[in-house]
Amino acid sequence: MNDNKVMREKISALADGELSEFETRRILSEIKHNPAYREFWRNIHLVRDLCDESEDFLYERDISTNLRARLRTDLSVETNEAEERLSKKKNYFMVSLASFFAAVTFSFFSIEEVTFADIASQKIDTAINSPEAMNVLNNSVSDLNVVLQNVEINNKGTLANYKMMNSGETFKLSLYPLKEINKIGIQEATKISYIKRDGKVYVVSVSGNLSAEKKNLILQKANLSAKN
Amino acid sequence: MKVSNKNIDLNLVKRAKKGDYQAFDLLVIKYQTRLIATAFKFVKDIQIAEDIVQESLIKSYKSLHSFREDSSFYTWIYRITVNTSKNFLVSKKRRGELLQTEIGQEGDIEIESISPDSPEELLMSNQLKRVIENCLNQLSEDTKTAITLRELEGLSYEEISKIVNCPVGTVRSRIFRGREILDKEIENYREVNKQNIAKETS
């Protein structure tokens with residue numbers, strides 16, 4: 001069996017509660033990077049729901065992608081509030097420590113530095129994970145008859161896979177900060193464009209089996225969308 | 001020897017409590033259709049039902065730490081969904097948007113069996129059911145038996161292996177083989193469906 005089959009067999013076992021703790025951890029990290037595994041998990045439960053005649057059956061619905069985006073937004077708001085609280089707390093400690101515990105300030109600042117780094121990462125995370133990033137991508141394909149197949153959002157950027165309804169052509173559309181340009185993996189078929197917004201430069205890229213005209217159109221719309 | 005859903009979910013719930021969103025995501029995918037069907041029974045509008053389930057799942061994720069692992073995750077999230085649906089109807093009643101017949105004198109809400117939103121949707125539900133049923137019927141006897149014992153009877157791999165007299169590993173492979181075939185059929189069905197929709201709209 002190849003690796004893909006092995007993973008799928010494990011997903012099947014996970015759905016039946018027959019997987020070890022160690023294997024579960026591995027599966028969860030693999031599913032993150034492979035939407036096909038997630039889809040396999042979904043289909044297993046679709047069949048299960050259908051076999052369970054006590055349950056009413058509705059035509060398949062998938063709210064999981066929207067839910068992920070909502071939670072990301074909600075939780076980043078909470079993170080900002082936590083950040084403010086942390087900042088107030090920090091000021092209080094700074095004054096008291098400077099006055100009374102000079103000897104231990106070195107170790108205190110070591111801890112605080114880690115916290116500042118965390119906050120900085122959260123800020124980058126929030127910026128690139130903001131719903132605006134996904135809006136830019138969605139607006140870029142607004143007039144094309146496409147379906148969003150899956151989306152990968154992390155603190156490096158946003159990558160969405162789309163499919164043209166009429167032709168079945170698939171393509172990837174991504175938005176990254178300029179410093180992450182090496183993440184795009186530029187190939188011959190990739191077209192890129194730069195977007196400047198709020199003093200930061202982002203790279204939007206489109207790749208896949210689409211015509212060059214369509215790719216240009218998508219990039220133009222991405223630019224327009226970001227400027228509006 | 002039955003493997004309860006409670007135990008299957010517990011592993012994922014524990015991981016989600018530690019902040020692993022992927023584990024929570026798998027629970028969402030597992031239960032979303034059932035939960036939307038539940039909310040739909042109350043609100044009778046598929047879009048609102050989806051919104052209610054989304055709200056319920058957000059609430060549950062944020063209060064996951066308060067979920068006691070001695071009960072089942074599905075029962076817990078089911079209760080949250082029912083309460084959110086009821087609250088929606090009560091607020092709708094306050095705004096005077098709900099017919100008196102939809103909510104009883106004592107606040108009881110009439111629950112009817114669900115019917116899909118539109119004739120197209122009903123057709124697609126039935127078609128998909130038929131596709132899966134046909135596919136199940138065409139599986140080899142060994143595979144069909146393993147899948148049936150697992151999905152209809154809820155037996156563990158070990159229990160199935162005793163019934164069909166073969167090693168646990170073989171049961172695991174047969175169930176997987178069956179699921180691979182079903183998966184392909186479902187994906188083919190979706191693809192054909194998308195193409196048909198595209199033809200109609202172009």
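In what follows, chains carry the letters A, B, and so on, assigned in the order in which the sequence lines appear, proteins first and then strands, with residues in each chain numbered from 1.
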Between Leu10(B) and chain A, with a heavy-atom cut-off of 4.5 Å, which part of the residue counts as in contact: side chain, backbone, both or neither?
neither

Please examine the side chains of Glu50(B) and Gln47(B), heavy atoms only from C-beta on, and report whether any two atoms are closer than 4.5 Å.
yes

Part of Asp183(B) lying under 4.5 Å from any heavy atom of chain A:
both

Below 6.0 angstrom between ring centroids: does that apply to Tyr31(B) and Tyr78(B)?
no

Looking at Asp20(B) and Lys18(B), is any side-chain nitrogen of the basic one under 4.0 Å from a carboxylate oxygen of the acidic one?
no

Name the orientation class of the two ring planes belonging to Tyr61(B) and Phe24(B) (parallel below 30°, tilted from 30 to 60°, perpendicular beyond 60°).
tilted

What part of Ile11(A) gets closer than 4.5 Å to chain B, counting heavy atoms only: side chain, backbone, both or neither?
neither

Contacting region of Leu26(B) [heavy-atom separation from chain A under 4.5 Å]
both

Roughly how far apart are Glu180(B) CD and Thr143(B) OG1, rounded to 0.5 Å?
12.0 Å

Side chain, backbone, both or neither: which part of Ile147(B) has an atom under 4.5 Å from a heavy atom of chain A?
neither

Pick whichever of Glu187(B), Arg179(B), Glu191(B) has the most heavy-atom pairs under 4.5 Å with chain A.
Arg179(B)

Test: Glu69(B) and Lys17(B) ion pair at under 4.0 Å:
yes

I need the residue from Arg48(A), Met164(A), Glu21(A) with the largest number of non-hydrogen atom pairs under 4.5 Å to chain B.
Arg48(A)

Is chain A contacted by the side chain of Arg15(B), its backbone, both, or neither, given a heavy-atom distance below 4.5 Å?
side chain

With a 4.5 Å cut-off on heavy-atom pairs, point out which of Asn145(A), Ile44(A), Ile27(A) contacts chain B the most.
Ile44(A)

Measuring from atom CZ of Phe40(A) to atom CZ of Arg8(A), what distance do you get when rounded to the nearest 0.5 angstrom?
5.0 Å

Identify which part of Gln195(B) has an atom lying under 4.5 Å from any heavy atom of chain A, answering side chain, backbone, both or neither.
neither

The interface call for Ile58(B) against chain A, heavy-atom contacts under 4.5 Å, is both

Heavy-atom distance under 4.5 Å to chain A: side chain of Glu185(B), backbone, both or neither?
neither

Under a 4.0 Å N-O cut-off, is there an ion pair linking Lys144(B) with Glu141(B)?
yes

